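Written out below as structure tokens is the structure these notes cover.
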Amino acid sequence: MARYNPKETEPKWRAAWDAAKVFEAGPPAPGKPKYYVLEMFPYPSGRLHMGHVRNYALGDVIARFKRARGFNVLHPMGWDAFGLPAENAAMERGVDPKAWTYDNIARMRSELKELGLSIDWSREFATCDLAYYGQQQAWFLELFKTGLVYRKEGVVNWDPVDQTVLANEQVVDGRGWRSGAVVEKRKLNQWFLRITDYANDLADSLATLDRWPDKVRTMQENWIGRSKGLRFKFNFSDPAPPDFAEGLEVYTTRPDTLYGASFVGVAPDHPLAEQIAAQNPAAAEFIAACRKGGASQAEIDTAEKIGFDTGLTVAHPFDPSWRLPVWIANFILMDYGTGAIFACPAHDQRDLDFARKYGLAVKPVVLPPGEDPATFEVGDEAYTGPGRIFNSQDLDGLDVETAKAAAIAKIEAQDQGQGATVFRLRDWGVARQRGWGCPIPVVHCPACGVVPLPASALPVALPDDLEFGKPGNALERHPTWKHTACPTCGAAALRETDTLDTFVDSSWYFARFTNPDSASPIDKAAADYWLPVDQYVGGIEHAVLHLLYARFVTKALADQGMLSAKEPFAGLFTQGMVTHETYRRQSGEWVEPKDLELYSEGQTRRARLIATGEPLVVGDIEKMSKSKKNTVAPEEIFEVYGVDAARLFVLSDSPPERDTQWSNAGVEGAWRFVNRVWAEVESQPAGPYETGPDDPAADAVRRGSHRLIKAMTEAIESFRFNSGIARLYEFLNLMKEHKAQGASSALLAARAEALSAFARLIAPFTPHLAEECWVQLGQSGLVVDAPWPDFDPALTQDAVVTLPVQVNGKRRGEIQAPAGAEPAEVEKMVLDDPEITRRLEGLTIRKVIVVKDRIVNIVAA
RNA sequence: GCCGCCGUAGCUCAGUGGUAGAGCGCAUCCUUGGUAAGGCUGAGGUCCAGGGUUCGAGUCCCUGCGGUGGCACCA
């Protein structure tokens, strides 16, 4: 009996799949529904890590399963290839970013191919291919024509380490998402995509994405931050300051509490505050103090509310004789709403904190249910719940929602403002001051201004001789590239040297995959056939960034008539990370898993250095990272255990959406499973088998097999791959119970049928092993071309079932009954059973509950 | 502060209102021509705590505790 040898079998089957081109997506075919499976494409860093293995193994299970179920499957792969790491490598090692990137792609491609993924490699492309980014320039110019692309000077987030601008989405806790550097504010001329035009649609259609995790939808909803309210102007009581003759505009979501107004506040960088500061040194000093506050989240959290009374007053819109003081307050944000608010301390915690500190009025106007208007008071906690409006003249007695509408109507009737929807979402700044990216296809002409290039001038290719030896924009530095002629007037002009954010590159690649050779950016017929992606798989870290941009670009391109899909990804699955225990020496140094051995002392797990035997501290389980030295290189695992065992293990241990812990013991368990499967298949003698009388063992194997088919089908459809794999382990135990040696002919036949199904069931997880088993079992063709096995519902349960019998909910015995026995019949059997009746002596039976094929419960007293 | 998720065997985790499960680890034994191994058998459970719904709760509801993730002066 030969041991299973993945080093021999795995390359053999990959070659067989390649030769048969089995994974190339077919043309539309009647009766063969399409299914588009896509994993987030990788950045070509040069090395495959375990996170990639899990991500692509997950997607591959779906793709192979859907193929077996008769779908026309598209499962492509490409490279998110522009971006800073290439420039950093260029700077550190003096290599050419383009060569570095394509070398990495070559290496990672061969590693990914080694994984045995069912990918249609004929569609592969990289975003740094001129054929791709040239088409991106083409649709960028289409959006330019419609006004969705625009340029403005604005305050931007500047990453001082990467020396580039970042979008709001790319600033996390005041730091750059890649570099971790504290982000600075700078005023720059910038290119923007008008994502805010789609804010309502992006928020509304989240409801249609019913195969997305709620968590991601909530995160996008929060990010878009739609709020409905009222925008209106306060008139100044006394002569208005210059520039404010029209009044001071504020935004509120609580117009119902207008009669509880206590003061009006503006942000420290509000134009009014700046105007006052210009003449008032105390105000200027206050504003400077506000700016000194740190930008980090912790500092913002703990920052005390401080204010400055401007001495100005405004008139309450419903009672012009009522004067409200105008304060400058540090808790008001210039970039939300209008940068100015009216404060109702009784019903807003921030306003209340401020009012208590400065002794401003606190007048409740919403009466909580059950409270007495004569005695209700607000202490240190604002009341933000529902209730009846009081102390509010004509609004009295209304509920909160009705009062909001009434107050808005009133303001609108006075022509002082109107109902408004405000978003937290900002337009997407897409220009980056980088050389290794997609050039923005416009020129700057001294006479004509900003001129978009005509289609005939595309693509705008990057030069091959960029110098990346120092920080900054290599494209800007290039001696000749930017010098060109204006396409309108022919005069000397300069090319735009900014390139596009790499999130633009990844915002439409899924559409390009539907026909990567199209002469237009998107082949509409192909896109309309394949889109939306039926199942998208990737990390939760892109919940807002990539997934929001891709949704927006899809909608924008659809509005240009370039495709018809309303959403890019109908189903989204966010997988967890691969983690590993950490180990340190007593001195605190991290130790790599391969340098240590684990052992047990009783129930305690311990670790020691292999080289010296030095005891180690077993630390926390953390995401694999180089800094903690808790990484495991996939290729080393493939070398020892084969690809199938590695794939199986990353899918077996945890539900796919949760983190999974890599361990050597775990992959060894998977490796043993691979060998046991092979041993089981090899021990099965070749058919045909003699006919013989049926036998209970044959029946057990048959029923077990049909139960397994049902369970696996359901497990894959509901992303419970780990549960499905657990069932594979259980079924293998059953097969070992009923082994081939000495088996009856009936059992041999049942085993043969079960093993044939088993080979197809393991194929999505361990595809090479499945092929090897398929051949060994005497089946023809490839298992990837075999249909998914069906199950007979009648065979998914035992002929005779054991029913536990409870008395008053406590287990008191059991009976054997034929499967599917009617409750009345079972009840009779139970009440005839001497063991049960003995338990019921002296009790009166109130009720007998029979759950078919599950349990019997007798309620007695 | 707000919104999630998690808490089940020593560890990592399944578990669909109806008999408490898997892998690894641990123990015993067998095998030593499957051997850088393989196999048999077994022990091990306050299903985080408390309350509720139910004939019946690991599962549904409420409260609390612990862990973890996301969002957050967003008017």
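Fair warning: this is a prediction, and the values are worked out from it, not measured in the lab. Chain letters run A, B, ... following the sequence lines, proteins first, then strands; residues in each count from 1.
Distance A/Glu657 CD to B/C5 C1': 10 Å, rounded to the nearest Å. Residue A/Trp671 contributes atom CH2, which lies 12 Å from atom P of B/A37 at whole-angstrom precision. Atom CG of A/Leu708 is separated from atom C1' of B/A14 by 15 Å (rounded to the nearest Å). Rounded to whole Å, the distance from CE on A/Met577 to C1' on B/G70 is 13 Å. The nearest whole Å value for the distance from the CZ atom in A/Phe423 to the P atom in B/C74 is 18 Å. Per the geometry, CG belonging to A/Asp659 stands 13 Å off C1' belonging to B/C13, to the nearest Å. Regarding A/Asn664, its CG atom lies at a distance of 20 Å from the P atom of B/C11, rounded to whole Å. As a whole-Å value, the separation of A/Glu541 CD from B/G70 C1' is 13 Å.
When the P atom is compared between B/A27 and B/G66, the two are found 36 Å apart, to the nearest whole Å. Taking atom P in both B/C55 and B/G15, the straight-line distance is 28 Å, to the nearest Å. Across the C1' atoms, B/A57 and B/C71 are found 34 Å apart, a figure rounded to whole Å. Taking the C1' atom of each, B/G21 and B/U31 are spaced 29 Å apart, rounded to whole Å. The separation of B/C62 from B/U12, taken at their C1' atoms, amounts to 31 Å, rounded to a whole angstrom. Look at the C1' atom in both B/A9 and B/C24: the space between them is 12 Å, to the nearest Å. Nucleotides B/U59 and B/U8, compared at atom P, are 13 Å apart to the nearest Å. Comparing B/C73 with B/C2, their C1' atoms are spaced 13 Å from each other, to the whole Å.
Residue whose closest nucleotide on RNA chain B sits further toward the 5' end, between A/Gly666 and A/Lys736: A/Gly666. Summary of the strand contacts: A/Ile332 and A/Ser723 both lie near RNA chain B, and taking for each the nucleotide with the nearest heavy atom, the more 5' one is attributed to A/Ser723.
Within the 4.0 angstrom heavy-atom criterion, only backbone atoms of the sugar-phosphate kind lie near A/Arg676; the bases stay farther away. A/Asp348 comes within 4.0 angstrom of nothing in the nucleic acid, heavy atoms only. No engagement by A/Ile540 is indicated, since no non-hydrogen atom pair under 4.0 Å with the nucleic acid exists. Across all strands, A/Tyr251 comes closer than 4.0 Å to base atoms (heavy-atom distances). As judged by a 4.0 angstrom heavy-atom cut-off over every strand, A/Arg727 is placed among residues making no nucleic acid contact.
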- Test log, rule side-chain hydrogen bond (donor to acceptor under 3.5 Å, both in side chains), inputs A/Ser227 and A/Tyr251: CA-CA 10 Å; A/Ser227 73; A/Tyr251 173 75; 3.0 Å; yes
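Side-chain atoms of A/Asn733 lie closest to B/G23 of the nucleotides B/G23, B/C24, B/G56. Side-chain proximity of A/Leu333 to the nucleotides B/A14, B/C24, B/C74 is greatest for B/C74. For A/Ile849, whose side chain is taken as the heavy atoms from C-beta onward, the closest listed nucleotide among B/C24, B/G23, B/G18 is B/G18. Comparing B/G18, B/U16, B/C73 by their nearest atom to the side chain of A/Lys305 picks out B/C73. Of the candidate nucleotides B/U16, B/A75, B/C24, B/U16 has the atom nearest to the side chain of A/Glu714.
Put simply, the side chain of A/Thr579 gets close to the backbone of A/Thr660: a donor and an acceptor are under 3.5 Å apart. Under the 3.5 Å distance criterion, the side-chain polar atoms of A/Asn630 are left unmatched by any main-chain donor or acceptor of A/Thr582.
Ring to ring, A/Phe731 and A/Tyr729 are not that close: their centroids are 6.0 angstrom or more apart. Taking the six-membered ring for Trp and the full ring otherwise, A/Trp662 and A/Phe649 have centroids separated by under 6.0 Å.
Contact annotation: A/Asn675 does not reach the phosphate of B/G34 (side-chain N/O to OP1 or OP2, under 4.0 Å). OP1 and OP2 of B/G1 both lie 4.0 Å or more from every side-chain N or O belonging to A/Arg350. Using a 4.0 Å cut-off, some side-chain N or O of A/Tyr336 falls inside it from OP1 or OP2 of B/A75.
Pair assignment for B/G21: B/C13, on the basis of Watson-Crick or G-U wobble contacts that are both within less than 3.5 Å. The partner of B/A43 is absent, by the rule that a Watson-Crick or G-U pair needs both atom distances under 3.5 Å. The base-pairing partner of B/G1, taking Watson-Crick or G-U wobble contacts with both distances under 3.5 Å, is B/C71. The nucleotide B/G34 finds no pairing partner, because no Watson-Crick or G-U wobble arrangement with both distances shorter than 3.5 Å includes it. Base pairing of B/G66: its partner is B/C6, meeting the Watson-Crick or G-U wobble criterion (both donor-acceptor distances under 3.5 Å).
Checked for salt-bridge contact, A/Arg676 and A/Glu680 miss the test: no charged N lies under 4.0 Å from a carboxylate O.
More than 12 heavy atoms of other residues, nucleotides or ligands shown are found within 6.0 angstrom of CD on A/Glu541.
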Distances under 3.5 Å between protein N/O atoms and the N/O atoms of nucleotides 2-4 of chain B, please, pair by pair.
none

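Legend: residues meeting side-chain hydrogen bond (donor to acceptor under 3.5 Å, both in side chains) with A/Thr338, ordered by chain and number and at least two apart, are absent. Residues meeting the side-chain hydrogen bond (donor to acceptor under 3.5 Å, both in side chains) test with A/Asp353, sequence neighbours left out: A/Gln349.
The cationic atom of A/Lys305 (NZ for Lys, CZ for Arg) lies less than 6.0 Å from the six-membered ring centre of A/Phe331 and within 45° of the ring axis.
Between the side chain of A/Asn222 and the base of B/C71 there is no donor-acceptor pair of N/O atoms closer than 3.5 Å.
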